[in-house]
Amino acid sequence: MPTGQPAPPTRPRTTPTARLRATGSWIRSAPGTYLWLTALFVTTVIVHQMSPAFEEEFLRQRSTNIHELSRNPVRVLISSAFWIDSGQWLPYAVLYTVFHAPAERRLGTPRWLTVAATAHVLATLVSESILAWAIRHGHAPPSAANTLDVGVSYALAGVVAVLTYYVPRPWRPAYLFAVLVIYTVPLITTPTFTDIGHLTAALIGLACYPLTRRGT
């Protein structure tokens, strides 16, 4: 290198300690997200210790199906949000980090929880009400009233949708289009009552725009 010329800047080396601190800072910035994710990890471990037959009955009693909602709606609406029937926790760790954590950081924990809970509860009630109508008019079998229905996907759909308002304007229409496609196409191609719930939850998330405004 010719003398008299400054040396090119070197990038600071990231140490394991620095990475650990950055990870800890990220988790502390979204405490609700990672407490919820921790609870899902614990319940997933518990489910893995059960026999398949016992697991199905155990989760069914915590499901937001018509039968359980008619008996104890508050209990199952809360408990269903802490169990997943796929047995796969890692994909949720990724989804919570990509969507829930940024939403909680932007909205603050109370507003983020309001969006997630509203989407979870209202989408469940809408989809199960439509299913009840279908059963009553012979469009679905009576056994559908006791299906296994636990999970966190409705809350996730609501949070994914509300993040639309935090996407920079040049990319916001594309993000909104992607959200609507993801939750509308299944309802058109192979419709299920869960698909109705997902689209409902996404629309609820979009309706939560007032919560994204500063000072509200």
Q) Going by the side-chain hydrogen bond (donor to acceptor under 3.5 Å, both in side chains) test, which pairs reach into residues 193-204, not counting sequence neighbours? A) S153-H198, T192-D195

Q.
I'd like to know if the side chain of S70 and the backbone of H67 have a donor-acceptor N/O pair within less than 3.5 Å.
A. yes

Q: Identify the heavy atoms of N65 and T147 that sit nearest to each other, and give their distance.
A: ND2-O, 2.6 Å

Q | Atom pair CG/CG of L148 and L59 - distance to nearest 0.5 Å | A | 5.5 Å

Q.
Just so I know, are the side chains of L95 and L156 near enough to count as touching, which here means a heavy-atom distance under 4.5 Å?
A. yes

Q.
According to a hydrophobic-cluster definition based on side-chain heavy atoms being under 4.5 Å apart (Ile, Leu, Val, Met, Phe, Trp, Tyr only), do V181 and L176 belong together?
A. no

(Q) Using side-chain heavy atoms (C-beta onward) and a distance below 4.5 Å, is L107 in contact with V162? (A) yes

**Q.** CH2 on W83 to CD1 on I46, rounded to 0.5 Å
**A.** 4.5 Å

Q) What residues form a side chain to side chain contact (heavy atoms under 4.5 Å, CB included) with V45, not counting sequence neighbours? A) F41, Q49

(Q) In the structure I gave you, are the side-chain heavy atoms of R62 and V76 within less than 4.5 Å of one another anywhere? (A) no

Q: Give, for atom OG1 of T33 and atom CD of E104, the distance between the pair rounded to the nearest 0.5 Å.
A: 4.0 Å

Q: Identify, with sequence neighbours excluded, every residue that meets side-chain hydrogen bond (donor to acceptor under 3.5 Å, both in side chains) alongside R106.
A: none

Q. Where do A101 and T97 come nearest, in terms of heavy atoms and distance?
A. CB-O, 3.7 Å

(Q) Can you give me the closest heavy-atom contact between A201 and A157, atom names plus distance? (A) CB-CB, 3.8 Å

Q. Do L206 and V179 have side-chain heavy atoms sitting under 4.5 Å apart?
A. no

Q | Heavy-atom pair with the smallest gap, counting every atom of A81 and L40 | A | O-CD2, 3.9 Å

Q. Is a donor on one side and an acceptor on the other found under 3.5 Å between the side chain of R105 and the backbone of A30?
A. no

Q | A161 versus A202, closest heavy-atom pair with distance | A | CB-O, 3.1 Å

Q: Hey, could you give me each pair passing ring pair (Phe, Tyr, Trp, His ring centres under 6.0 Å) that has a residue in residues 155-187? Not counting sequence neighbours.
A: Y165-Y209

Q: Mind listing the closest non-hydrogen atom pair of S80 and D149 along with its distance?
A: CB-O, 4.3 Å

(Q) Using 0.5 Å steps for rounding, measure from the CG atom of L187 to the CZ atom of F193. (A) 10.5 Å

Q: Check whether any side-chain heavy atom of L69 sits under 4.5 Å from a side-chain heavy atom of T124, and report yes or no.
A: yes

Q: Any pair with a residue in residues 96-147 that passes ring pair (Phe, Tyr, Trp, His ring centres under 6.0 Å), sequence neighbours left out, goes on the list, sorted by first then second residue, please.
A: W36-Y96, W36-H100, Y96-H100, H100-W112, W133-H137, W133-H139

Q: Tell me whether I196 is reachable from I188 by hopping between hydrophobic residues (I, L, V, M, F, W, Y) whose side-chain heavy atoms are closer than 4.5 Å.
A: no

Q | Y154 reachable from L211 in the ILVMFWY side-chain graph, under 4.5 Å edges | A | no

Q: Applying side chain to side chain contact (heavy atoms under 4.5 Å, CB included), name anything that partners V121, two or more places apart in sequence or on another chain.
A: L77, L125

Q. Do the charged groups of E68 and R75 touch, with an N to O distance under 4.0 Å?
A. yes

Q) Measuring from L199:CG to L180:CG, what's the distance to the nearest 0.5 Å? A) 7.5 Å

Q. Cluster question for you: counting only ILVMFWY and a side-chain heavy-atom cut-off of under 4.5 Å, with indirect links fine, are V126 and V74 together?
A. yes

(Q) Would you say that T64 contacts V150 through its side chain, given a criterion of any heavy-atom pair below 4.5 Å between the two side chains? (A) no

Q: Indicate yes or no for a side-chain donor-acceptor contact from W89 to the backbone of L37 under 3.5 Å, with no hydrogens or angles considered.
A: yes

Q.
Test of understanding: clusters of I, L, V, M, F, W, Y form through side-chain heavy atoms closer than 4.5 Å, transitively. Do L203 and L163 belong to the same one?
A. yes

Q: Measure the CD1-CD1 distance between I135 and I130 for me, rounded to the nearest 0.5 Å.
A: 12.5 Å

(Q) Quick one: does any side-chain atom of T109 pair with a main-chain N or O of G32 as donor and acceptor, under 3.5 Å? (A) no

